[in-house]
Protein chains: 2
Amino acid sequence: MARGTRESPPTSIQATVIEEMRGRIISGAVEPGTLLSELALAEEYGVSRTPVREALKQLQTEGLVEIRPRVGTFVTIPSRREITELFEMKELLEGAAARLLAQRGRVPEVDLLEANLRESDEAVARDDRERYAELVHDFHDLLVRGADNHKLEAHYRTLMNQLAYPRLVMTSLNRPGRPFESDREHHRVLELVLAKDGDSAERVMREHVRESRRALLAGLPVIGDGPGSR
Amino acid sequence: MARGTRESPPTSIQATVIEEMRGRIISGAVEPGTLLSELALAEEYGVSRTPVREALKQLQTEGLVEIRPRVGTFVTIPSRREITELFEMKELLEGAAARLLAQRGRVPEVDLLEANLRESDEAVARDDRERYAELVHDFHDLLVRGADNHKLEAHYRTLMNQLAYPRLVMTSLNRPGRPFESDREHHRVLELVLAKDGDSAERVMREHVRESRRALLAGLPVIGDGPGSR
DNA sequence: TTACGATCTCTTGCATGCCAGAGCCGTAGC
DNA sequence: GCTACGGCTCTGGCATGCAAGAGATCGTAA
């Protein structure tokens, strides 16, 4: 599954290729639909096709590329349906994370979340959307980590990679008033977590995800449906 | 992701190996901890190491095997912690599936679920635990499919494969009275789905999963903690 | 001008060979 | 008897070469 961090010592070639390519895809450095030739990548990285091939195969299972046998490997173009599904999963998993975190009580992640919100308030106050986007990312990341369920975390990361989320956050934050609302919603969630009210924390977190999705899709150009909407 | 079914025409060698090995692992035909040598498997299937290697790599991302570089590939031994996490995810995803299904209204899967419960009642009545175990599996499968969210379904399948669930179901059903309770809980869930009460369907489904987990762990021998509990 | 077809090129799938790291086992020294 | 060391064997990591399928392209014929 998506291991965004960790493991620097046993840097096998394919692990390097995986991280590199994953970074390019989720950052948008390579456009969806782009052909990723094994040979071209191998030459670019100065390695043989084998590790590249294995890296692409893993990225396929992560849903980031699509390997069409004997044709080519392409950066996945998410269909509208898939995006909807991904947001459903985001809502689901983050909601669950909020619940689990609330059940755990005061753990280090909660302190970090409080610090995050303090800085978020400042960023919103001075309308620093760039910085606030980072803080939003950190907030959600901390929440999921705080749930202390590695499976949940791994699957969450995989799904968010498919959304290429970092690119999208800015879109939603550019809507007037959205940063302020977002920040307030974060506060409500954390309050409920501190109150150890798992049920409510989950519910409010879900609402927050739905709101952010709405804000995002409203500011997004229409995306052509990919071929794979069944 | 785990594609349990589909895709017979483009049967590449590695796809064959993946399905075969996955089947062996989740059915318990190979013990957890077993060494899976690339060379041995290649000879067994009469192919070269390459497709075997790629198959094992995919099974690793599915969490079914663990590749220790330069050492060997082993069937994953889930730690107690991982099992707990997997059940948390099961509760989460099946609960969400129940909610989503309830929102969809009367779809074909609902009819199939009703048929499933009719047969389940009979199986329980005549104490046919073998058959009832199958029906339980179908029930949960239908529920998740009925949620009509491919991402949810794919991740659910992956997680359940890690649990090697089919092997476990019988354990819980051997507890006196458990089949009857289980069947009744299924009925309650479906009733709420039919009433389109998503909130309650999710809540009851979660309770059901927790109950089945309890029944299962109670009848299970203590498993030694794997090394990989971080 | 258009439609069809052969060919040609690019793609991945698979086989094979070599290499380095890890672990094991036997042996030698204490 | 115990410990430490050295080689041996097994493991996967990687490089490379060939084959087959898919798609584009260009020429030819209607």
Side-chain angles (χ1 to χ4, degrees), chain A residues 3 6-22 25 30-77 226-228, chain B residues 3 6-22 25 30-77 226-228:
Chain A
R3 35 181 78 81
R6 290 192 297 179
E7 296 180 61
S8 353
T11 309
S12 65
I13 292 181
Q14 58 173 283
T16 309
V17 176
I18 289 174
E19 283 187 34
E20 174 69 24
M21 290 307 303
R22 184 162 43 208
I25 295 173
V30 292
E31 293 283 312
T34 307
L35 168 68
L36 301 174
S37 162
E38 291 179 3
L39 188 58
L41 290 173
E43 287 176 354
E44 180 183 338
Y45 291 108
V47 300
S48 87
R49 279 178 50 214
T50 307
V52 171
R53 180 179 173 69
E54 298 185 350
L56 291 178
K57 201 143 180 356
Q58 168 150 353
L59 292 178
Q60 180 184 40
T61 75
E62 291 181 18
L64 294 182
V65 307
E66 182 186 353
I67 300 176
R68 304 231 300 265
R70 312 282 184 187
V71 178
T73 303
F74 303 87
V75 179
T76 300
I77 303 177
Chain B
R3 33 182 77 81
R6 291 193 296 179
E7 295 181 64
S8 352
T11 309
S12 65
I13 291 182
Q14 58 173 283
T16 309
V17 176
I18 289 173
E19 282 187 34
E20 174 69 24
M21 290 307 302
R22 182 161 46 208
I25 294 173
V30 293
E31 292 283 313
T34 307
L35 168 69
L36 300 174
S37 162
E38 289 181 4
L39 188 58
L41 289 173
E43 287 175 355
E44 179 184 338
Y45 290 108
V47 298
S48 86
R49 281 175 49 212
T50 308
V52 171
R53 180 179 171 69
E54 298 185 351
L56 291 179
K57 193 126 190 2
Q58 168 149 357
L59 292 178
Q60 179 185 39
T61 74
E62 291 181 17
L64 295 182
V65 308
E66 181 185 353
I67 300 177
R68 306 230 299 266
R70 315 280 184 186
V71 178
T73 303
F74 305 86
V75 179
T76 300
I77 303 177

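Not measured: the values here are computed from a predicted model. Numbers restart at 1 for each chain; the letters A, B, ... are given by sequence-line order, proteins then strands.
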Is A:Leu36 touching bases, backbone alone, or none of the nucleic acid, heavy atoms closer than 4.0 Å? sugar-phosphate
Taking B:Thr34 for its side chain and B:Val75 for its backbone only, find out whether a donor-acceptor pair lies under 3.5 Å. no
Spacing of B:Leu35 atom CG relative to D:dT9 atom P, expressed in whole Å: 18 Å
A:Glu38 CD to D:dC14 P: how many Å, rounded? 15 Å
Nearest-angstrom distance from the residue atom CG of B:Leu39 to P of D:dT9: 15 Å
Are OP1 or OP2 of D:dG12 and a side-chain N or O of B:Thr73 less than 4.0 angstrom apart? yes
Whole angstrom value for the distance that separates C1' of D:dA19 from CD1 of B:Ile13: 12 Å
Between the side chains of A:Gln58 and A:Glu54, does any donor sit under 3.5 Å from an acceptor? no
Mark yes or no for a side-chain to base donor-acceptor pair under 3.5 Å between A:Arg70 and C:dT12, with no hydrogen or angle criteria applied. yes
Rounding to 0.5 Å, atoms OG (A:Ser48) and CD (A:Glu38) come to a distance of 10.0 Å
Nearest whole angstrom, please: distance from the P of D:dG13 to the CG of B:Leu56. 10 Å
Could you check if a side-chain atom of B:Leu36 sits within less than 4.5 angstrom of a side-chain atom of B:Met21, using non-hydrogen atoms only? yes
Give the residues of residues 45-54 of chain B touching DNA chain D, defined as any heavy atom closer than 4.0 Å, sorted by residue number. B:Arg49, B:Arg53
Closest of D:dA22, C:dT12, D:dC14 to the A:Val71 side chain is D:dA22
Check the distance between C:dC14's P and A:Ile67's CD1 and give it to me in whole angstrom. 11 Å
Would you indicate whether the side-chain heavy atoms of B:Lys57 and A:Lys57 approach each other to under 4.5 Å? no
At what distance, to the nearest 0.5 angstrom, does OG1 of A:Thr50 lie from CD of A:Gln14? 10.0 Å
